[in-house]
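Here the structure comes first, spelled out in structure tokens, and everything after it is commentary.
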Number of protein chains: 2
Amino acid sequence: MVDNESNYSASNYRTPDGAPTDIVIFTIISKDRNTRKKSLPTRELNVMLIQRKIWPYESMWALPGGFTLETETVYACAARELKEETGVANVHLEYFNVYSELGRDPRGWIISHAFLALVDEDELAHRKADVDASDVRLFPVHEALAMDLAFDHKRILEDALHEIRKKMLTTTIAKEFLPEEFTIGELYQVIQTVVPEFAEQNFIRKITSTRSRKGIIEEVLNPDGTLKGSNRFSQRAAQLYRFTEVEPQLSIYS
Amino acid sequence: MVDNESNYSASNYRTPDGAPTDIVIFTIISKDRNTRKKSLPTRELNVMLIQRKIWPYESMWALPGGFTLETETVYACAARELKEETGVANVHLEYFNVYSELGRDPRGWIISHAFLALVDEDELAHRKADVDASDVRLFPVHEALAMDLAFDHKRILEDALHEIRKKMLTTTIAKEFLPEEFTIGELYQVIQTVVPEFAEQNFIRKITSTRSRKGIIEEVLNPDGTLKGSNRFSQRAAQLYRFTEVEPQLSIYS
DNA sequence: TGAATAGTGTCTATTAGACAATATGAC
DNA sequence: GTCATATTGTCTAATAGACACTATTCA
């Protein structure tokens with residue numbers, strides 16, 4: 001450590017024993033419903049947990065993460081741990097809070113940085129080969145919340161859930177859980193999966209034809225210029241949409 | 001440091017040299033306009049800076065802050081430094097980001113936690129007695145942004161400004177810059193001071209009588225039940241309002 | 001009387017909100 | 001013909017957006 005001034009006060013004090021990251025990885029798992037006709041799948045919000053092998057909290061389930069190295073930023077650490085522990089790369093990864101309560105980690109004075117990762121379930125499909133599946137698992141969020149997690153990870157998970165719910169309604173992060181091209185029905189389902197109380201009778205009209213929201217998503221066209229549809233979830237083909245670059249600005253005053 | 005397991009990996013690595021906090025303290029300064037009749041003041045968003053006395057960045061202006069102690073959370077550290085360095089207590093104080101870029105601090109591997117403090121100018125009035133005014137000063141935000149600040153504090157200030165602008169429009173933080181009871185004109189001015197591009201022709205009607213926003217503020221009544229007005233800024237008395245507990249929920253989808 | 005802010009009237013276009021109705025196409 | 005989703009019609013009430021207008025008070 002550089003310390004070429006006698007009055008540099010921090011050098012007289014204890015320094016932290018580590019600045020790890022904890023990563024709350026959310027994904028939405030779809031299951032076919034086995035109806036007689038084509039239908040939308042059921043969707044469920046899941047969170048990835050890892051079973052600890054060592055002290056402290058040995059054998060308990062915890063959020064993935066690890067200690068930041070002196071050669072990287074906390075964001076780089078989160079990205080590295082995400083790749084190492086779950087095999088996932090190039091996904092939405094976002095810092096959301098710090099946890100520094102005294103005694104939160106029996107290993108010492110450890111200030112943890114919590115990240116939110118949003119992963120499409122297809123990304124996790126190839127993952128399975130990379131990583132031993134026995135100690136890394138997806139849990140439905142309501143199950144994870146009922147578990148006894150290591151450290152203060154239950155609190156972190158609760159905070160992450162609150163954050164993702166807010167962002168689902170105020171930003172376009174829904175796109176992280178959807179393919180490039182999707183139907184209005186899929187988008188609606190994704191929103192409802194994260195925010196169960198969301199309901200909007202005339203959803204399709206609001207999202208496609210009110211002036212203030214127009215531009216968030218746009219219709220996908222075929223090469224020949226006609227509207228592109230999909231009949232993956234229905235007999236009648238549904239219009240496909242994609243998100244644009246537009247990020248809507250919200251205000252309580254206008 | 002507790003380390004009773006040989007395979008506790010962090011113990012093999014270097015640990016951070018400190019986890020300080022940096023506090024971006026915003027206030028709005030009002031100045032009377034000296035018009036012939038009563039009038040609204042001009043308002044300007046200011047930020048509090050402190051002139052460094054020691055290495056590194058000696059004599060440069062910087063954000064107030066300091067190192068977190070092992071006996072406190074980062075939030076407690078920010079609150080303590082705020083009190084110690086500026087004499088301000090019991091104000092809105094909110095965590096907003098972490099800064100961990102390599103080489104951001106010549107003293108070593110130092111991960112900083114940035115807070116946003118919102119202070120009413122009246123709070124700062126009594127402060128002046130407590131603290132030596134020569135090395136703690138308020139700067140108009142546009143001036144501060146043009147200065148050469150210590151560390152990465154310019155970047156932190158820019159991020160803080162972005163954050164406060166977003167929150168001004170999406171939450172009720174305007175109340176931090178207003179007295180308990182205020183007029184619509186004052187509220188409108190506060191919003192415009194932080195977000196200059198804000199303009200809303202029928203502001204009074206929207207904020208007081210549209211269903212979705214009704215409840216954010218409420219009229220103040222006199223003890224006898226009549227509407228309470230104020231003629232501090234105008235000949236014609238203006239209705240006084242106060243913020244309620246209601247926090248509006250925004251959504252891009254409805 | 002006019003400066004300076006406070007607040008209302010009025011008109012049109014757009015949006016919200018609630019339901020009903022129709023469209024599509026494979027099984 | 002039926003199922004399951006997709007999409008449009010229709011009606012009323014509420015809100016947006018733009019401007020003009022009136023109200024208040026006191027120096």
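Just so it is clear, the values below take in all heavy atoms, side chains as well, and ignore hydrogens, waters and symmetry mates.
His153(B) places a side-chain N or O within donor-acceptor distance of the main-chain N or O of Leu63(B), the cut-off being under 3.5 Å. Remark: side-chain polar atoms of Thr244(B) are not paired, donor with acceptor, to backbone N or O of Ile217(B) under 3.5 angstrom. Proximity of a side-chain donor or acceptor of Thr21(B) to a complementary backbone N or O of Gly65(B) within less than 3.5 Å is not detected. In this structure, the side chain of Ser251(B) engages the main chain of Ser254(B) through a donor-acceptor pair within 3.5 Å.
Nearest-nucleotide positions on DNA chain C for Asn202(A) and Glu186(B) put Glu186(B) closer to the 5' end. When the nearest nucleotides of DNA chain C are assigned to Ser212(A) and Leu40(B) by heavy-atom distance, the more 5′-ward of the two goes with Leu40(B).
For the segment residues 217-238 of chain A, residues with any heavy atom less than 4.0 angstrom from an atom of DNA chain C are, sorted by number, Gln235(A), Arg236(A).
One can place OH of Tyr188(A) at 15 Å from P of dT7(D), the figure rounded to the nearest angstrom. Remark: P of dA6(D) and OH of Tyr241(A) are 11 Å apart, rounded to the nearest angstrom. With rounding to whole Å, Arg213(A) atom CZ is found 12 Å from dA16(D) atom P. Between Asn34(A) atom CG and dA4(D) atom P the separation is 12 Å, expressed in whole Å. The separation between Phe182(A) atom CZ and dA6(D) atom P is 13 Å, rounded to whole Å. With rounding to whole Å, Arg211(B) atom CZ is found 14 Å from dA16(D) atom C1'. Taking atom OH of Tyr253(A) as the reference point, atom C1' of dG17(D) lies 21 Å away to the nearest angstrom. Distance NZ (Lys37(B)) to P (dT25(D)): 13 Å, rounded to an integer number of Å.
Side chain of Lys206(B), nearest nucleotide from dA6(D), dT7(D), dG17(D): dG17(D). Checking dT8(D), dG17(D), dT15(D) against the side-chain heavy atoms of Glu200(B) singles out dG17(D) as nearest. Distance from the side chain of Gln201(B) is smallest to dA18(D) among dT15(D), dT5(D), dA18(D).
Taking 4.0 Å as the cut-off between side-chain N and carboxylate O, Glu94(B) and Lys167(B) count as a salt-bridged pair. The pair Lys175(A)-Glu180(A) does not meet the salt-bridge criterion, since no charged nitrogen lies less than 4.0 angstrom from a carboxylate oxygen. Between Lys154(A) and Glu158(A) there is no salt bridge, since no side-chain nitrogen of the basic residue lies less than 4.0 Å from a carboxylate oxygen of the acidic one. In this structure, Arg232(B) pairs ionically with Glu186(B), as a charged nitrogen and a carboxylate oxygen lie closer than 4.0 Å.
At a threshold of 4.0 angstrom between heavy atoms, the contacts of Arg205(B) include nucleobase atoms, whether or not backbone atoms are also involved. Looking at heavy-atom distances under 4.0 Å, Ile184(A) makes no contact with the nucleic acid at all.
For the pair Arg137(B) and Phe139(B), the cation sits on the ring face: its NZ or CZ lies under 6.0 Å from the ring centre, inside 45° of the axis.
The side chain of Lys38(B) contributes no N or O atom lying less than 4.0 Å from OP1 or OP2 of dA27(D).
Extent of DNA chain C lying under 4.0 Å from chain A heavy atoms, first and last nucleotide in 5' to 3' order, is dT14(C) to dC27(C).
Around CZ of Arg33(B), the count of heavy atoms belonging to other residues, nucleotides or ligands within 6.0 Å exceeds 12.
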